[in-house]
Amino acid sequence: MAMTAESARPAAAARTYHFGAGPAMLPPEVIAEIRAELPQFRGSGVSILELGHRSPEFRALMRETESDLRELMTIPSDYAVLFLQGGATLQFAMAPLNLGGRGAYLVTGQWSAKAWHEAERVAEGQAVWNGSADGYTRVPTQHEWQVPGGARYLHYTVNETIAGVEFHSAPACGAVPLVADMTSMILSRPVTVSGHALVYASAQKNLGIAGITVVILNPAALHTPPRGTPALLDYRVSLEAESLPHTPPVFAWYVLGRMLKWTRAQGGVAAMAAHNQRKAELLYAVLDASDFYINRVDKASRSWMNVPFRLRDPQLEAAFLQDAAAAGLKNLAGHRSSGGMRASIYNAMPESGVATLAEFMRDFERRHG
Ligand SMILES: *Cc1c(COP(=O)(O)O)cnc(C)c1O
């Protein structure tokens, strides 16, 4: 069946762009591939929606997914890759349970704050730097914090999806194992996996649809979890079962596999990075050229994936969102905790979508500024 990218969406909606933070947009060509392949999965005689997780076809899909991810992210061969459930949120608990309990946290936004609080719930967590007092507008410099003696790891959230604050280089913590939540920036630019003991990312931003979470870990960093830890929260159980300690989300795994192929076809992570930087600069240029729009994030900490902004006159925000939606620019409302607007411009967002939004913003300012 011939299927073009355009035909994946109804014709009337062909020019809409989805700026939601997650579940985020998928590339139309990936949706078209999924649709074309849906009735029967690769000669298995069944749909991917029915495919057994012990089938040879699914085994092949698992191998391919892992090797594509290893290649895209240059994952060291002695590191393990797991595909788990429970989202990034469950990793907030699994990290402390499996890394010896006592974690130090760089709190640069709402997600790292959640990770820290979950560590306090299941073990011990300490915020060694906390940006909440100034409203999460930057990442700390290296000399503003220290890892306390006795800390078993340092946790940071590479990109804060709500605050729009991003680390553009990894914090240095010497011999202390480094743990990263990469959920909203994985595959958006190169990272040094080997500098981390544990990396995790749930799927619904750059990796496809919710239901599957990528965990990359150095097995040498693992500690025995405390007594009472459920089996599914012990990484070693999933390592031994090769990510199949129970029925996996087969369809989400498949979509992840398609997203990895798509990312490779775009030229891989370095090409994505160049593309993403250009996209982000289009929006920050509009914000910088105007005092009609406000983004308080320090320039050096600006996210390439999530650009939150407000209007100087909050009364106009409802009209902004309404006019934007009418122009095909959907889901620009900010997080329910912070209000305002947020443009999520993950890998799948084409430059044309960002350029259309930038032009809309300039035009809205001309009409209302
Ligand atoms: C979306 C997000 C999460 C939460 O992911 P779930 O899959 O809903 O658990 C955690 N961290 C970051 C940085 C996120 O963007």
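Sequence positions, counted from 1, serve as the residue numbers for this chain. Note that these values count all heavy atoms, side chains included, but never hydrogens, waters or copies made by symmetry. Whatever order the structure lists ligands and atoms in, that order sets their numbers, starting from 1.
Screening Phe19, Phe320, Tyr284 against Phe309 for a ring pair (Phe, Tyr, Trp, His ring centres under 6.0 Å) leaves a single residue, Phe320.
Contact shell of ligand 1 (protein heavy atoms, cutoff 4.0 Å): Gly87, Ala88, Thr89, Phe92, Trp111, Thr157, Asn159, Thr161, Asp181, Thr183, Ser184, Ser202, Gln204, Lys205.
Aromatic ring orientation, Phe58 versus Trp253: perpendicular (interplanar angle above 60°, classes split at 30° and 60°). Between Tyr153 and Tyr105, the two ring planes are perpendicular [angle over 60°; tilted spans 30° to 60°].
Residue pairs meeting the side chain to side chain donor-acceptor pair (under 3.5 Å) criterion with at least one partner in residues 243-252, sequence neighbours excluded, are Gln85-His246.
Using modelled atom types, one finds a donor on one side chain and an acceptor on the other under 3.5 Å when comparing Asn306 with Ser344.
Annotation: the span from Ile186 atom CD1 to Asp181 atom CG amounts to 10.0 Å, rounded to 0.5 Å.
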